[in-house]
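One structure is given here, and the rest of the page talks about it.
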Protein chains: 2
Amino acid sequence: MTVDGNAESRRLPTPCAGIPIEQMQFVRQILDRIGDKWTLLVIAVLADGPRRYTDVHNDIGIISQRMLTLTLRQLHQDGLISRTAYAEVPPRVEYALTPLGHGLRDIVTALIDWAADHYDEIRANRERTAT
Amino acid sequence: MTVDGNAESRRLPTPCAGIPIEQMQFVRQILDRIGDKWTLLVIAVLADGPRRYTDVHNDIGIISQRMLTLTLRQLHQDGLISRTAYAEVPPRVEYALTPLGHGLRDIVTALIDWAADHYDEIRANRERTAT
DNA sequence: CGGGATCCATTAGGATACTG
DNA sequence: CAGTATCCTAATGGATCCCG
């Protein structure tokens, strides 16, 4: 913040991939969320349809209850997923992507595809330089 | 790796967004790298051309020397960026995306665009549920 | 200029046990 | 089933000083 003197001199020469300096702060905020250990995977799991708590837990496999709960809660607070609790016994809670979340889904899918496609290459590089 | 017993029973019913269980491990590995605090931003900075160490440092702004160095080193080891040191005085080192890195660039750009586009919406959701 | 080395605080995140 | 609560460790990341 408080970057400019007069409006004339604000447009710096491509400061960062065309991102204005002021945007950097919240890009970082979003990226912090996106980039935590489980968020992307949870979104990936919900990508092809609503899932119950336990389903998500099983799909991801090694996530702890605690982290799953926290991740789901944050995604819900950000409005990326919906939470629907059915008053049954035993209780049933379904999580699903919201329209907002769907936008992220495509990107996440692209990211995962990329990771899958280039994993071998990356690992080869990693091992070569580790020698 | 070494997950299956016999090849017959491997194909589980849509385990996770179409990702086979075995892939989850390295998807997680890639995502761990991608999703750390600075990697995406560094890639974003390098997206529109080679940059020197100090340039990257200034563009991102609040990253510490230590984290910038570590992030650049990891990206280099993974083969996502190149490192070119010119034998001058004072020394000059330029970092640039490799072809492999360019693939990620498009996704990163999409992610950042998405973050910028929906930041207001997300923050509104966040504040509403924080009441 | 472009880092490396060290020390330290914070935090993320796992394990376990318990609950409506 | 779908969480909460507590404890505790490992990892992240910042600050500082130093070096070629």
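Numbered from 1 within each chain, the chains take letters A, B, ... in sequence-line order.
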- Query: Does a side-chain N or O from A:Thr69 land closer than 4.0 Å to OP1 or OP2 of D:dG3, or not?
  - Reply: no
- Contacted region of DNA chain C by chain B, from 5' end to 3' end of the hits, cut-off under 4.0 Å to heavy atoms, spans C:dC1 to C:dT6
- Message: Between A:Tyr95 and D:dC1, is there a contact of a side-chain N or O with OP1 or OP2 at under 4.0 Å?
- Response: no
- Message: Please pick, from D:dG14, D:dC1, D:dT4, the nucleotide with the shortest atom-to-atom distance to any side-chain atom of B:Lys37.
- Response: D:dG14
- Can a salt bridge be assigned to the pair A:Glu94 and A:Arg92 using a cut-off of 4.0 Å between side-chain N and carboxylate O? yes
- Determine whether the side chains of B:Asp36 and B:Thr39 contain a donor N or O and an acceptor N or O closer than 3.5 Å. yes
- Task: Determine, for A:Tyr95 and A:Arg51, whether the Lys NZ or Arg CZ falls below 6.0 Å from the six-membered ring centre while staying within 45 degrees of the axis.
- Result: no
- Message: Using heavy-atom distances to pick each residue's nearest nucleotide on DNA chain C, tell me which of A:Pro91 and A:Ile62 is more 5'.
- Response: A:Ile62
- Message: Both A:Trp38 and B:Arg83 contact DNA chain C. Taking the nearest nucleotide for each, which residue is further toward the 5' end?
- Response: B:Arg83
- Just call it for A:Arg66: base, sugar-phosphate, or nothing, with non-hydrogen atoms closer than 4.0 Å on any strand. base
- Task: Using a heavy-atom cut-off of under 4.0 Å over every strand shown, decide if B:Tyr86 touches base, sugar-phosphate, or nothing.
- Result: nothing
- End-to-end axis angle, where each axis spans five pairs of the helix from C:dC1-D:dG20 to C:dG20-D:dC1, to 10°: 60°
